[in-house]
Engineer: 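Quick one: the structure is below, and I'll ask about it shortly.
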Number of protein chains: 2
Amino acid sequence: MSFMVSTKGRYALRVMIDLAQHIEELQPLKIIAERQNISLKYMETIMPCLKEAGFVDGTHGKGGGYRLTRPPQDYTVGEILRITEGSLAPVACLDNGYVCERADTCPTLPVWKKLDSIITDYLDTVKLTDMIPKNMVQFDDTCYSQL
Amino acid sequence: MSFMVSTKGRYALRVMIDLAQHIEELQPLKIIAERQNISLKYMETIMPCLKEAGFVDGTHGKGGGYRLTRPPQDYTVGEILRITEGSLAPVACLDNGYVCERADTCPTLPVWKKLDSIITDYLDTVKLTDMIPKNMVQFDDTCYSQL
DNA sequence: GTATTTACCTACCAAGTAAGTAGGTAGGTA
DNA sequence: TACCTACCTACTTACTTGGTAGGTAAATAC
């Protein structure tokens, strides 16, 4: 029982949503952490990841903070999670650089590949703006929707 | 980067496929382990899981071994992985018994729920017999197929 | 120029999990 | 009786998760 997406990816996603909801001004991490009820110190270790990827930029000093570098609708959940988690591969067999001598004959490999493509295809269709409350209606009815 | 399916689930699946390919007689774990190139000792720690679930039964003594308890087409990849991995939930938020006070308003929860249902729906459609080489053609063309 | 605010950096830690290994016991068959 | 096979308990090594602690560097306000 190990989860595909850890707190790192989940917190990162919540920070990105938070920034998308405050698009106009710079948001200090302290404020975001309080609003999201996440440890400031822990968030500080996650933010460099989003910054290196060019998803956000941060300015120092008084009045500083973080902000998105692109319009919110230009981010997908898939790319945010792929950066923060390192990989979204469901099994080691599909991980970047992994070589398996059974690959040519393994009967399970096609299943993992299909599973991987299903996961990727879905996560790459969900945009950051799809998770802003006013848009939540678009999710199917098995899911919570905030009206 | 933590994988949804560990070696435990992957090995279990390969053992189940192996048993499906030798449906008529009892297969000693030693033989299966050699054929699959998996540590016998490690497999011994995984088999009780499959036995408790009623997927296989094992008989002691000379000529003993393991065998499937049902016809191979009656097993799905989903149920085998769910038993061995404990859960296939992509995030802790969806794990059995987990309570999150943010659940009612969390904008990311619908995404995790949808992702979970996509994964489950796919894995529950793949049957054990779908992975026996002669049937592998049924996978789509982005995947390896053994003709 | 000083104080303050903020990002940013380095190191550490406790608990848990993954992926086995080692060495036996119990049950059944030839 | 000898052999084979499942089954059980304990241990190990390495790694990951989810943080905490304590600072430094940069920028701004006053």
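Bear in mind that the values here come from a model prediction, so they are computed numbers and not experimental data. The sequence lines fix the lettering, A, B, ..., with proteins before strands; numbering per chain opens at 1. The basis for the numbers below is simple: all heavy atoms, side chains too, and nothing from hydrogens, waters or symmetry mates.
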Engineer: What residues, two or more places apart in sequence or in another chain, satisfy salt bridge (charged side-chain N to carboxylate O under 4.0 Å, His left out) together with Arg102(B)?
Structural biologist: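 Residues passing salt bridge (charged side-chain N to carboxylate O under 4.0 Å, His left out) with Arg102(B): none at all.
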Engineer: Please confirm whether the shortest side-chain N or O distance from Lys51(B) to OP1 or OP2 of dC7(D) is below 4.0 Å.
Structural biologist: yes
Engineer: Just by distance, no angles: are the side chains of Tyr66(A) and Thr59(A) close enough, under 3.5 Å, to form a donor-acceptor pair?
Structural biologist: no
Engineer: Using a 3.5 Å limit on both pairing distances, list the dot-bracket string of DNA chain C from the 5' end; Watson-Crick and G-U wobble pairs count, crossing pairs take [ ], interstrand pairs take |.
Structural biologist: ||||||||||||||||||||||||||||||
Engineer: Heavy atoms under 4.0 Å is the rule here; annotate nucleotides 23-30 of chain C 5' to 3' with B where the base is hit, S where only the sugar-phosphate is, and - elsewhere.
Structural biologist: BB-BBBSS
Engineer: Base, sugar-phosphate, or nothing for Phe3(B), non-hydrogen atoms under 4.0 angstrom?
Structural biologist: nothing
Engineer: So, is Tyr11(A) near the phosphate of dG19(D), with a side-chain N or O under 4.0 Å from OP1 or OP2?
Structural biologist: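 Affirmative; the distance criterion is met.
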Engineer: By side-chain contact (heavy atoms from CB on, under 4.5 Å), which residues pair with Lys62(A), not counting sequence neighbours?
Structural biologist: none
Engineer: For Tyr42(A) and Thr7(A), does a side-chain donor sit closer than 3.5 Å to a side-chain acceptor?
Structural biologist: yes
Engineer: Tell me, for nucleotides 10-18 of chain C in 5' to 3' order, what letter each nucleotide earns: B for a base near a protein heavy atom under 4.0 Å, S for only sugar-phosphate near one, - for neither?
Structural biologist: --------S
Engineer: I want to check one thing: is the phosphate of dC7(D), taken as OP1 and OP2, less than 4.0 Å away from some side-chain N or O of Tyr66(B)?
Structural biologist: yes
Engineer: Yes or no on side-chain hydrogen bond (donor to acceptor under 3.5 Å, both in side chains) for Tyr11(B) and Thr84(B), after CA distance, side-chain angles and deciding distance?
Structural biologist: CA-CA 10 Å; Tyr11(B) 289 178; Thr84(B) 50; over 6 Å; no
Engineer: For Asp74(A), what residues pass the side-chain hydrogen bond (donor to acceptor under 3.5 Å, both in side chains) criterion, not counting sequence neighbours?
Structural biologist: none
Engineer: As a test of understanding, state which of Arg35(B), His22(B), Arg67(B) forms a side chain to side chain donor-acceptor pair (under 3.5 Å) with Gln27(B).
Structural biologist: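 Running side chain to side chain donor-acceptor pair (under 3.5 Å) over Arg35(B), His22(B), Arg67(B) with Gln27(B) returns exactly one hit, Arg35(B).
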